[in-house]
Amino acid sequence: MSVERDYDDLARIDRTHVSLYNDQGVYSDEMERIFYRSWIYVAHESEIPNPGDYKTTFMGDVPVIVTRGENNEINVVINRCTHRGVAVCPLEKGNTPSFVCQYHGWEYGMDGELLAVSMPRGYNEGELDYKSLGLVSAKKVESYRGIIFASLLSVPDISLDEKLRGVKEYIDMYMDFSPVGEIIVGNSGVNKHHYHANWKIQTEGSVEGYHAPVTHSTAFDVMIRKMGMPPNYQGYDTKGMDCGYGNNLLEVYSLPDEAVYKRWPAEYIDLMIEKHGKERAMHVLRHRFNLVIFPNLALLEYQFRVIRPMGVDKTEVRMYHTMLKDAPDEINTRRVREHEFFYSPAAFGGPDDYAMFDRAGQGMKAEMVPWILFNRGIKSEEVDEHGRRYGGHTQETQQRAPYFEYRRLMTLGSQS
């Protein structure tokens with residue numbers, strides 16, 4: 001029997017109830033009301049550059065295939081044979097003229113059209129309707145700066161343009177780190193991690209400023225001693241921000257011009273100025289940030305981080321390393337090395353985070369302690385000229401941010 005929950009009460013502005021991380025019924029509601037109804041990240045166009053290219057991924061629990069067709073159109077189809085329900089494509093990526101189910105040999109085109117079935121003489125007239133038996137497609141597929149989003153089961157209640165309104169300037173900055181404004185996702189490596197806790201912990205954690213000098217104390221010690229990082233982390237003049245519709249941002253640093261010239265080789269700076277103009281180039285090179293596009297994508301300096309729920313208390317995280325198109329080899333090599341330093345499986349940063357996420361999963365089994373607190377800095381939040389709430393980088397404005405959209409979607413879903 002369906003249980004109706006008061007999500008306004010369970011996801012309060014300054015705290016969330018532990019059942020949001022442990023309750024299978026809540027998880028089922030999230031799949032239906034968030035992952036199957038709103039805009040979900042599925043791929044970057046650089047992952048499927050040529051006709052016939054594909055990538056498999058998930059929208060919540062539902063497996064999907066992102067393809068590029070013969071006319072360069074991008075399709076998102078459910079990875080489920082319409083005959084007996086078997087996943088049609090078992091591989092993560094590749095190139096193919098069509099998909100053939102390995103159970104009974106049904107063949108589908110890149111847009112999901114049913115092209116052929118094996119042993120067709122076994123069907124009597126009227127038993128096989130090719131037009132209605134193609135792979136089910138996402139209702140909406142759109143992209144911004146190469147980032148592909150889809151809506152699976154219904155038309156979203158807001159446009160993608162509206163969804164991204166508060167973060168487009170940061171997406172543009174991320175892309176403009178390339179001299180030609182384009183990135184390449186995943187070709188330089190993918191890290192995969194699992195942790196035994198709810199998916200929302202990574203959504204919160206991707207923009208976490210408060211934990212950094214505690215959880216990553218060893219990494220901070222190395223960066224301060226060897227890499228020129230300032231030691232006064234608490235005093236950084238950076239922000240955490242609620243960018244609307246669940247999207248949130250952590251400013252990692254904002255460099256003065258002299259520090260830009262110390263951090264980046266002159267050849268790269270000159271190339272950026274030539275391509276973007278001095279004002280834009282310097283603006284891009286000054287800033288580093290972590291950005292979450294709710295619910296399942298985070299853009300960090302060297303990676304697209306994709307959050308895949310695998311159950312109420314299990315999550316997979318994939319970190320797709322990003323390279324800058326037409327940047328000097330030195331810059332892209334450096335991106336790989338700095339990513340390895342902090343995020344690789346044996347690095348100074350990422351493994352710390354997943355240890356904490358596992359511990360969060362353990363701690364949240366104690367349901368007699370019902371609340372998770374997000375009240376740090378709530379009384380000192382301010383609003384910028386774009387209407388975005390912000391606070392200091394170690395405060396929790398950015399952790400509160402997803403739950404405004406969470407409440408909206410979870411209560412909207414209960415009314416439909």
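Hydrogens, waters and symmetry mates are skipped; everything else that's a heavy atom, side chains included, is used. Along the sequence shown, residues are numbered consecutively beginning with 1.
- With sequence neighbours left out, Arg80 forms a salt bridge (Lys or Arg N to Asp or Glu O under 4.0 Å) with no residue at all.
- Side chain to side chain, Thr397 and Glu381 meet the donor-acceptor criterion of an N or O pair below 3.5 Å.
- Looking at residues two or more places apart in sequence or on another chain, you find a side-chain contact (heavy atoms from CB on, under 4.5 Å) between Asp313 and Lys365.
- A donor and an acceptor atom, one from each side chain of Thr322 and Arg335, are located under 3.5 Å apart.
- The shortest distance between side-chain heavy atoms of Tyr210 and Gln395 does not fall below 4.5 Å.
- In this structure, the ring of Trp264 has its center less than 6.0 angstrom from the ring center of Phe177.
- Within the 6.0 Å centre-distance limit, the rings of Phe289 and Tyr170 are counted as a close aromatic pair.
- A side-chain donor-acceptor contact under 3.5 Å links Asp29 and Tyr7.
- Ion pairing between Glu169 and Arg388 holds under the 4.0 Å rule for side-chain N and carboxylate O.
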Under 3.5 Å, which donor-acceptor pairs do the side chains of residues 351-358 form with other protein atoms, sequence neighbours left out?
unit_1: Asp352; atom_1: OD2; unit_2: His216; atom_2: ND1; d: 3.1
unit_1: Asp353; atom_1: OD1; unit_2: His211; atom_2: NE2; d: 3.2
unit_1: Asp353; atom_1: OD1; unit_2: His216; atom_2: NE2; d: 3.0
unit_1: Tyr354; atom_1: OH; unit_2: Gln202; atom_2: OE1; d: 2.9
unit_1: Asp358; atom_1: OD1; unit_2: His196; atom_2: N; d: 2.6

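- For the 3.5 Å distance criterion, the side chains of Arg376 and Thr394 qualify, holding a donor opposite an acceptor.
- A donor-acceptor pair is defined here as one N or O able to donate and one able to accept, closer than 3.5 Å; no such pair exists between the side chain of Trp199 and the backbone of Tyr27.
- Using modelled atom types and a 3.5 Å distance limit, the side chains of Asn95 and Asp53 yield a donor-acceptor pair.
- Note: Phe404 and Tyr245 fail the aromatic proximity criterion, with ring centroids not under 6.0 Å apart.
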Check against salt bridge (charged side-chain N to carboxylate O under 4.0 Å, His left out), Glu204 and Arg400: CA-CA 8 Å; Glu204 300 158 3; Arg400 291 186 283 272; over 6 Å; no
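- Side-chain atoms of Glu182 and Ser46 form no donor-acceptor pair, as typed in the model, at a separation below 3.5 Å.
- Side-chain polar atoms of Tyr268 and Arg263 form no donor-acceptor pair below 3.5 angstrom.
- Between the side chains of Ser188 and Tyr320, no donor N or O sits under 3.5 Å from an acceptor N or O.
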